[in-house]
Structure formats: structure tokens, C-alpha cells
Amino acid sequence: MNTTAAARLDRATCAALVAAVLMPVALGLIFFYVPNDADQGFSQRIFYFHVPIAMTTYALFAWGALNAARYLWTGDVTLDLRSYVPMHLGVIFGTLTLVTGSFWAKVSWGTWWYWGSTELNTFLIIFLFYCAYFMLRFSVDPGEKRARYSAVYALLGVGLIPISVLAVHLGQDVIHPITFTDHGANMDGSMLFTFLMALAAMLSLAVAMYLVELRGKRLDEQVTRLRRLAEGTR
Amino acid sequence: MNRRAFVALVRKDLVLELRGSEVVLAMVTFVVASFVLFRFGLGGGRTAGGTRAATGLLWVAIVFTAMLALARTFAREREHAIWDGLLAAPVDRALIWLARSCSTFVFLVAVQVVALPAFWLFFLQDGPAPDYGVLIAAALLADIGIAALGSLVAGLASAGRAREVLLPVLFLPFAIPLVLGAVSATTGTISPQTSGLHTLERLGYLALYDTVFVLFGWGLFEFVVED
């Protein structure tokens, strides 16, 4: 194992350790520390799962799109995996966002899906975009062309997000609880602290998953390359 | 910009269409058949959901029809090796995208010349109707967005396996905000909710959508045709 791979192993382990510490702390805060919401009571606690997961999904998408742009700019093939892996994780976190959002809608508004919620509906569009990205990626043979096409489509998503937010705002009423306003967070100190811990836990989990999956995919590529070489020399 | 090359590229698409009549005729038949299907599907007498629901159906039908055109034009070029000729030509790749977008726009407008009166006949003649000026303006703005983005996405889809399935899958997430904006612009003019500013805001949104995806198409198409 070379030095770079060893350093990556360390980073992945570190991120996993941070996530392993922060996750139970965040869960403890959510269930035993933070007070019940005055309006929604105990069930409002799903907020500490739903919003950090959604924010992590956006962060993963932004990282994937940034690497896609860097790939098109530089042509560095290693950036293709750095773009693909966050998109893959984004689908997983995106699914969790939709599921937790649906639960929150049920306890808040009494329905599993509310078409008047801008956040839920914008996220649904972005989730469909993520799924389409995978359809494209797996319908083109591996190689430079697949990397290029995936990068182009990932970048188109950068245009889709603000356009979707605007479209949903134009078409519907806003009834989603507004947690963050221009004047800061609409929460008391303990709630904000719990939220930030939950966000840090979710982000560190995503970073750990990103580094582990990236390493796995790179190993997979190396094995495929070695197998081809071995077949060639036979 | 090489204007002669651009005119030649658009002319090539239009001449191919005039000689073969493969795309526009299929689109017109498809869109009218969709209206009939919706009309019977939603009930014979009055449309369930009223004019608002009908306006939504119009935009859905237009998006599906546009996908038909995009898939067919790219498939035709692959079948007849026109694509190889285009790539060998010493023209800017962005120009190929622009010409393709313009010809798709022309096809869409041609289809809507038939589709909008048919829509009026099937859905609007016996109920409150939207402002026709707004409907036409929204249709033209939506056509620009569909043509610009569709030409880029169809290029991506045409290189994959199962490209007929891939194009709608890639295009539909982008069509949702377009349909939302277009429906919002047209139904906003149906009485009693008439407001000039409200309509202008929604048409402005469609113009913004066009601007964003025209810029993306112009900048990214060269990566789609690098072979």
C-alpha cells in the first residue's frame, strides 16, 4: 500500500471515528436533552434528523457538481469518481430526506405528502434528477465518454436547483415551518445546539462514507486493470 | 459566430423534415391523440378539474411531444451517419447545438399552430379561458427552454444504451419546473384571479429558465460531441 492510500485510510478511519462519537451524542441530545417543541410537541424531534440529512444531501450534490466541473476543466480522470461517489451517496441521503420529510408532514399536517410544501416538492424534483443521473451513467460503457457525460449532466443540476426552488415558490403557497430567517435561526439555544450537533454528526457520517466508498471504487478499478493485464499476458 | 454555417445547419434540419415529414407529422398526430385521450380519460361532458386542469394537460402533452421530436431527430442523424459528417465539419460545436435548438423550436411552433386550436376546441370553448396572448407568449418561451435543454439532453441520451427510454428519464426532472412555470402563467390569467404583475412575473420566470439553460447548452454541448 503506498503512502497516499495509507493517508486516505487514515482520513477515512478518522472520519468514521468522528461520526461514531458524534452520532450517539446527537441521538442523546435529541431524545434526552432538547425540550419538546411548544407547538408540535415530541414529534417535532424528527426535525433534528430531517433537516441535517437534507443539508447533507445538498452538500454532497454540491461536492459532486464541483468535481464534475473540475473534471471537465482539467480532464483529470480521478475526478470522475470524486464526482460520482457524492452523487451516489446523495441518492441514499435523498431517499432518507424524502422518508423523514414524509413522516414530518404526517405528524405536522396529517398527510404523508403535502403538495403545497415548497421544500418537499423541490427536493422531490432534485431526487428525480439524481435518479436520472444514475440511469445515464449506467447506460454508457465505462470510460472517458461516461465520465464526460456524467459530468455534463451533474453540472446541469446546478441550474436545476435554483430554477426548481423558484418554480415551486411561484406555483404554491409556503406553509413549511420557517426555521431559518434573514435574522438567524428561529430556535432557542438548546435547540440550535442539538441541531448543530446533529448536522455535524450527519456530515461526518457522509464524509466517512464518501472516503470509504471512494477507496473501494479505486480498488475495484485497480483489480479490473490488473485482471485485464493478466488476461493479456496469458 | 459563423453565420453561414449556422444557416446551413438549420436549413439541413428543415429540408430533411420537409422531404421526409417524419417529425412534425408524428408530433401533430401524437399531441392531438393525447388531447382526445385526456378528454375521454377525464370525463366526457365537462373536464374534471375545469380549465386549470386542462391547461396543465396541455403543457404535459407539449413536453411529451417535444421529447418525441428530440428523440426522432437525433435517431435519424445516427441512422444516416449525418452525425459523423457534422463532427467532421470545421464548425464550432456550440453552433451545432444552437442550430439543433433552433430547428427544434421551429418544429414545436409548427406543432402548436395545430395543437393550440385543437386544445381550445377540446377543452376551452365552453368554460372560462386563459388569456390567449399570455398562453401564446408562455408557449413560445417554454418552446425555447424545451428546445435549448432538450437538444443538449438528447445528445447525452443518444450515446447511451436504451436511448429511447433514457431521453424522457433525463429530460423530465428538468421539465417539471418548466411545466410548473408555464401552468402557473396561463392559469393565473383565468378569471377571477387576473393580475398583470402576477402574469409578468411568471413569464419572467420562463425567460429566466430559458436564459439559464441556453447558457448551459452553449457552454456544455462541446463536451457531448467530443468524439
Side-chain angles (χ1 to χ4, degrees), chain A residues 61 65 68-75 80 83 91 94 115-116 118 121-173, chain B residues 52 56 97 145 148-149 152-153 155-188 198-199 201-217 219-227:
Chain A
F61 173 73
R70 286 170 66 206
Y71 170 74
L72 291 179
W73 186 259
T74 63
D80 175 46
S83 172
V91 172
W115 290 103
T118 48
N121 292 324
T122 306
F123 206 89
L124 182 64
I125 298 172
I126 294 160
F127 182 74
L128 287 173
F129 163 79
Y130 269 125
C131 297
Y133 171 89
F134 279 89
M135 284 287 295
L136 172 67
R137 191 167 176 97
F138 294 122
S139 72
V140 182
D141 293 327
E144 188 267 336
K145 190 180 204 174
R146 181 171 84 171
R148 200 155 30 86
Y149 280 29
S150 303
V152 167
Y153 198 69
L155 272 181
L156 277 177
V158 176
L160 179 66
I161 291 178
I163 285 288
S164 303
V165 172
L166 267 177
V168 175
H169 268 286
L170 278 180
Q172 291 159 336
D173 306 324
Chain B
R52 283 170 189 275
W97 164 82
L149 183 68
L152 179 67
V153 172
L156 289 174
S158 67
R161 289 183 294 271
R163 57 186 70 120
E164 297 80 8
V165 183
L166 197 57
L167 176 63
V169 171
L170 296 183
F171 187 73
L172 284 180
F174 292 88
I176 298 169
L178 185 82
V179 168
L180 260 173
V183 169
S184 177
T186 37
T187 56
H198 173 95
T199 305
E201 189 182 69
R202 275 133 182 85
L203 291 178
Y205 166 77
L206 289 175
L208 177 74
Y209 183 99
D210 295 349
T211 311
V212 168
F213 289 112
V214 163
L215 289 174
F216 270 98
L220 291 177
F221 195 71
E222 65 171 296
F223 297 107
V224 178
V225 290
E226 241 178 28
D227 306 301

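In what follows, chains carry the letters A, B, and so on, assigned in the order in which the sequence lines appear, proteins first and then strands, with residues in each chain numbered from 1.
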Worksheet item: Side chain, backbone, both or neither: which part of A:L155 has an atom under 4.5 Å from a heavy atom of chain B?
Response: both
Under 3.5 Å, side-chain donor or acceptor atoms of residues 176-183 of chain B against the rest of the protein: list the pairs with distances, not counting sequence neighbours.
none

Fill in: Distance in Å, B:L220 CG paired with A:R148 CZ, rounded so as to fall on 0.5 Å steps
12.0 Å
Discussion item. Does anything in residues 135-142 of chain A reach chain B? List residues with heavy atoms under 4.5 Å apart, or say none.
Written reply: A:M135, A:L136, A:F138, A:S139, A:V140, A:D141
Cut-off 3.5 Å, no hydrogens considered: what does the side-chain donor-acceptor table look like for residues 209-216 of chain B, sequence neighbours left out?
residue, atom, partner, partner atom, Å
B:Y209, OH, B:F174, O, 2.5
B:D210, OD1, B:G145, N, 3.1
B:T211, OG1, B:A207, O, 2.7

Worksheet item: Are A:V152 and B:F221 side-chain neighbours, meaning at least one heavy-atom pair lies under 4.5 Å?
Response: no
Practice prompt. Applying side-chain contact (heavy atoms from CB on, under 4.5 Å), name anything that partners A:A132, two or more places apart in sequence or on another chain.
Written response: A:Y153, B:V169, B:L170, B:P173
Worksheet item: Quick check: does any side chain N or O of A:Y149 sit under 3.5 Å from a backbone N or O of B:A157, one acting as donor and the other as acceptor?
Response: no
Worksheet item: Which bit of B:L172 is near chain A, if near means a heavy-atom gap under 4.5 Å: side chain, backbone, both or neither?
Response: neither
